[in-house]
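First comes the structure, then the notes that go with it.
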Amino acid sequence: MPGDTSGEAAGEEDGGAVRAPVRIWDVDLSGDAGPAGEAAADALLTDAERARAARLADPARRTALRRSHAAARRLLAGELGLPPGRIGWAPGPYGKPALTGAGRGRAWNLSRSGPRALVAVGGTAPVGVDLQAEHPHGDPLALARRFFAPAEAAQLAALPAGPARTRRLCLLLARKEAWAKAAGGRLLDVLRRDVGGVPAPYGTPRRLGGADYAVADLTIGPGYAAAVATTGRTPGRIDYRSCDWRDLCVRN
């Protein structure tokens with residue numbers, strides 16, 4: 001599979017049994033592949049995906065959706081040992097996609113922000129991943145005070161106004177989004193729960209709906225915040241790789 005391992009964290013399930021690793025691909029969606037390359041990527045999509053992309057008014061978002069879904073299908077096909085045409089997924093009650101058909105039961109998740117996407121593939125334990133481009137979303141401190149836990153808002157207030165607060169807000173949001181996705185629920189379910197104390201690579205498990213969830217930060221370079229979450233008391237081993245969508249969809 002294209003891509004180099006650029007980071008790894010180790011962990012264990014409760015009771016000492018090592019779980020299947022979570023593989024995370026950081027996919028660069030920015031490169032141009034020309035008309036033939038775009039057609040090759042489109043051929044990996046379903047009719048529904050092509051129709052969904054066509055409905056997006058923003059050309060950049062339309063392109064990112066098509067390329068990310070094509071790349072995800074290639075990555076999942078490689079993980080499952082199946083042809084890409086047999087890889088299908090359907091959204092759950094709150095939008096999280098679950099594999100169907102031959103891939104049913106294998107945990108995975110996709111997050112996209114600007115010209116990058118994260119594709120996470122685990123074992124059978126639920127997994128959620130989130131990527132946030134660092135932009136203000138408005139006044140970071142006002143948003144934290146309105147929507148986040150009081151302790152999290154206090155953390156932002158202690159930082160100087162400007163990029164530091166924006167960076168912290170996006171990291172907290174990435175943690176919450178990843179946790180909500182792992183739980184298969186809504187962001188609203190965890191929005192006011194404190195995740196501010198989670199250090200890299202992971203911290204104290206979070207409890208939701210009678211289950212433990214481990215949240216891990218991903219270090220992916222400047223301008224972005226990212227996190228992954230799984231069930232259990234630790235996230236297990238995280239195998240992080242980077243790749244280019246063209247290597248997956250065009251040169252394959």
Pair Arg175-Glu152, salt bridge (Lys or Arg N to Asp or Glu O under 4.0 Å): steps then yes or no: CA-CA 12 Å; Arg175 291 172 178 174; Glu152 295 170 329; over 6 Å; no
Does the side chain of [X] reach to within under 4.5 Å of the side chain of [Y], using non-hydrogen atoms?
X	Y	value
Val127	Val129	no
Leu173	Leu187	yes
Tyr240	Thr219	no
Arg55	Arg62	no

Shortest non-hydrogen separation from [X] to [Y] and the atoms involved:
X	Y	value
Lys96	Trp108	CE-O, 4.0 Å
Pro160	Ala164	O-CB, 3.9 Å
Ala107	Pro126	CB-CA, 4.1 Å
Pro97	Trp89	CB-CD1, 3.8 Å
Trp245	Ala41	CZ3-CB, 3.7 Å
Ala226	Leu171	O-CD1, 4.3 Å

Leu218 vs Ile238, side chain to side chain contact (heavy atoms under 4.5 Å, CB included): CA-CA, chis, key distance, verdict: CA-CA 9 Å; Leu218 299 173; Ile238 299 171; 4.2 Å; yes
Between [atom1] of [X] and [atom2] of [Y], what distance do you get to the nearest 0.5 Å?
X	Y	atom1	atom2	answer
Trp25	Arg74	CH2	CZ	14.0 Å
Gln132	Glu134	CD	CD	9.5 Å
Ser68	Leu75	OG	CG	11.0 Å
Arg104	Leu80	CZ	CG	13.0 Å
Ile220	Arg116	CD1	CZ	4.0 Å
Leu131	Glu177	CG	CD	11.0 Å

With the 4.5 Å side-chain cut-off for hydrophobic clustering, are [X] and [Y] part of the same group?
X	Y	value
Leu76	Val27	yes
Val250	Leu248	yes
Leu29	Val121	yes

Tell me whether [X] contacts the main-chain N or O of [Y] through its side chain, where contact means a donor paired with an acceptor under 3.5 Å.
X	Y	answer
Arg246	Asp32	yes
Thr100	Ala90	no
Arg106	Leu99	no
Arg165	Leu159	yes
Arg193	Lys176	no
Arg86	Gly101	no
Asp194	Ala149	no

From CA spacing to verdict: side chain to side chain contact (heavy atoms under 4.5 Å, CB included), Arg73, Thr46: CA-CA 10 Å; Arg73 188 160 278 110; Thr46 64; 3.9 Å; yes
Parallel, tilted or perpendicular: rings of Tyr213 and Trp179 (30°, 60°): tilted
Residues Lys181, Asp130: salt bridge by 4.0 Å N-O rule: yes
Pair His69-Arg112, side chain to side chain contact (heavy atoms under 4.5 Å, CB included): steps then yes or no: CA-CA 10 Å; His69 279 220; Arg112 183 177 62 252; 4.1 Å; yes
Greater than 12 external heavy atoms within 6.0 Å of Arg61's CZ: no
